There are 2 protein chains.
Amino acid sequence: MVTMQDVAERAGVTKQTVSNVLSGRVAVRPATEARVRAAIAELGYVPNLVARSLATGSTRTVGLFVPTVSTAFYAEVVEEAEDVLDAHGYRLLLCTTRRDGERARRHLAGLTSRSIDALLIAGDQGLTDHLPLLSRTRFPVVLCAWETRAPAEFPVVTVDYEHGGYLAGRHLRELGHRNVAVLASPAHTLRVNGFRRAFAEDGLDVPAGAVHLAPEPSFRAGIEAARAALTAHPSATALFATHDVLAVGALEAARDAGRSIPDDLSVVAHDDTPEGLLARPTLTSVALPTREMAREAIGLLMRAIENTTPTEPRPGLLQPTLIARESTARRG
Amino acid sequence: MVTMQDVAERAGVTKQTVSNVLSGRVAVRPATEARVRAAIAELGYVPNLVARSLATGSTRTVGLFVPTVSTAFYAEVVEEAEDVLDAHGYRLLLCTTRRDGERARRHLAGLTSRSIDALLIAGDQGLTDHLPLLSRTRFPVVLCAWETRAPAEFPVVTVDYEHGGYLAGRHLRELGHRNVAVLASPAHTLRVNGFRRAFAEDGLDVPAGAVHLAPEPSFRAGIEAARAALTAHPSATALFATHDVLAVGALEAARDAGRSIPDDLSVVAHDDTPEGLLARPTLTSVALPTREMAREAIGLLMRAIENTTPTEPRPGLLQPTLIARESTARRG
DNA sequence: CTGAAAGCGCTTACAG
DNA sequence: CTGAAAGCGCTTACAG
């Protein structure tokens, strides 16, 4: 392979001069620069980034941890993150943890090896326990899409999930619903809290018994949880599902139970995924500012890398919005 | 940061010895090894992978190009690829091209810089034109999920898309349909050819006029194309959509046109995505061996990296299968 | 089994 | 504005 030395010889200069024209850090006489550039072109020289990284200590690569890439939410996080990185000339090292703590731990441990300049961890599933591994790391770390309590040492760019739940609750309240049940993933306690707060504002209580846990965010789990909820609370006029896919399952279960939506039963969901738009009726859901979140998180990381300034003030929470569609209606 | 030299001093040996215990390539006396390992633990030494890469010429990183990560198909490719890489101790550098030729070109060009050991390119959208950039590359390249003609110089692991179309056609034929229309993405000519072949086997012709192009694989485009098809061919009893999401749009358009599925109109799709399972009626669709494909492609790459053997025989095509669900029925 | 030397291809001060 | 030197942290033959 052709090295900087080869280019230098061809151009009749030393390799430091070639380095100078490439980096632009030191001015080079135009005639010399022209000779160097010509030599680069003739030889088809491409700098060896590994060697550069060893010398500079920077790989221009950022690590991204996501639980999975096969949900619209994380797919968007990945693509938005990549766009911002690309704009800054950085590359993306991807790791999907699959909500597998051991896998996450192993990969986290492998990151100490100087191969990335910064790390973005999106989503807390299975990771929280292993975060201490990152405490002595020498590159900046930012957390995003974080729904549980995060260690104070890391900046976190996330959504106000509690408010998301609140919006869902307020929406049902505004439609006159008083008797409701909730289908929730175990990780979604913030959403449930917010939902409850909306009812509490009107002096209404959503009892713990009205919350039905769905072990995982899947269509099947949604059907099961909805079935249980509809059986336990036959008089409920509305359902809040903490995730769209759960709500799609609920739609199915409601159909099976002979309840028509939204006339006999309103369903409000959370996350506003494409599945919710495809569902019939289309789902009323709380939309997440996914791309803004990813953009802001990577932006924070870029500034941390480039400025080497002390950590910025803890960023604020991004606000979700409710999108009313066909699955909710005034209490009949 | 602590280097190999620090470990060596602490253990009272030279850094070569430390390197030897780490690599295991050269036997080290047990007592020495114990001292070295102790020093590593005490100092919390982690090898600098960049330095190792410069010395060895290998980064243990594989690049993966996908058009996007936000379809179930490519999400699966990414996750499966990552699993296999992980098992081999390799990392994943991800690049989503977004079907943007210029973006693909730029990233492809950036790959010559010694930062990856191999490259997997999944999906041909926007890339075919830029493949010559890879001709003089010094790392192995494998193509997968390739639906158009690929340059002969690269091994390609892909699906028999023509056969997929054939399966869809044969299915409709077996159900007695003779008068059909097709909704196709421009890139899906193989699928359409196969579909036609199934009809041709029975001496039936699917005229070019029966093929309606959908500019992009989206719900909206599916609606438009289906609308056009149903208007132009009111007597068609079945539709073949070359992609599930197109078919979901077709379902909607059929409903709007007062056609009930599958009684008045059968719809067979291709790709068997989660959207097809969520649709009502559920979609009959041709399923792709996605994970097998990704696994085989990365496997090929791993062997190419590690064996340095000449390129293997061109791998065969993987076979799709038809999954019959609710959207197709015997011609009424 | 262990150590001394050279080298991977770059960058970064530092002289001139 | 250009060149000589040292160094980034590792590995790889090669002696002993």
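Predicted model, so just to flag it, every value in this text is computed and none were measured. Each chain gets a letter, A, B and so on, in the order its sequence line appears, and its residues count up from 1.
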Using a strict heavy-atom distance below 4.0 Å, which residues from residues 27-34 of chain A are in contact with DNA chain C?
none
Approximate separation, where rounding is to 0.5 Å, of [X] [atom1] and [Y] [atom2]:
X: B:R91; Y: B:T59; atom1: CZ; atom2: OG1; answer: 7.5 Å
X: B:R35; Y: B:R10; atom1: CZ; atom2: CZ; answer: 12.5 Å
X: A:I121; Y: A:L64; atom1: CD1; atom2: CG; answer: 9.5 Å
X: B:S58; Y: B:Y90; atom1: OG; atom2: OH; answer: 5.0 Å

Is [X] salt-bridged to [Y], going by a charged N under 4.0 Å from an acidic O?
X: A:K15; Y: A:E9; answer: no
X: A:R106; Y: A:D100; answer: no
X: A:E33; Y: A:R29; answer: no

Need two values: the first and the last nucleotide of DNA chain D, 5' to 3', having an atom under 4.0 Å from any heavy-atom of chain B.
D:dG9 to D:dT12
List in chain and number order the residues that pass salt bridge (Lys or Arg N to Asp or Glu O under 4.0 Å) with A:R295, two or more places apart in sequence or in another chain; answer none if no residue qualifies.
A:E80
[X] side-chain N/O to [Y] backbone N/O, donor-acceptor pair under 3.5 Å:
X: B:D124; Y: B:E147; answer: yes
X: B:T56; Y: B:R52; answer: yes
X: B:H130; Y: B:L108; answer: no
X: B:R60; Y: B:H88; answer: yes

Assess, by modelled atom type and distance only, whether the side chains of A:T68 and A:S70 contain a donor and an acceptor separated by less than 3.5 Å.
yes
Can you find a side-chain donor-acceptor pair between A:T3 and A:Q5 that sits under 3.5 Å?
no
Go through the steps to decide whether A:T96 and B:E82 satisfy the test side-chain hydrogen bond (donor to acceptor under 3.5 Å, both in side chains), and finish with yes or no.
CA-CA 8 Å; A:T96 65; B:E82 198 198 334; 2.5 Å; yes
Using a heavy-atom distance cut-off of less than 4.0 Å, which residues of residues 39-55 of chain A contact DNA chain D?
A:L54, A:A55
Does anything in residues 10-23 of chain A come within less than 4.0 Å of DNA chain D? Heavy atoms only, and list the residues if so.
A:V13, A:T14, A:Q16, A:T17
Report the secondary structure of DNA chain D in dot-bracket form, marking unpaired bases with a dot and bases paired to a different strand with |, and treating Watson-Crick or G-U pairs with both distances under 3.5 Å as paired.
|||.||||||||.|||
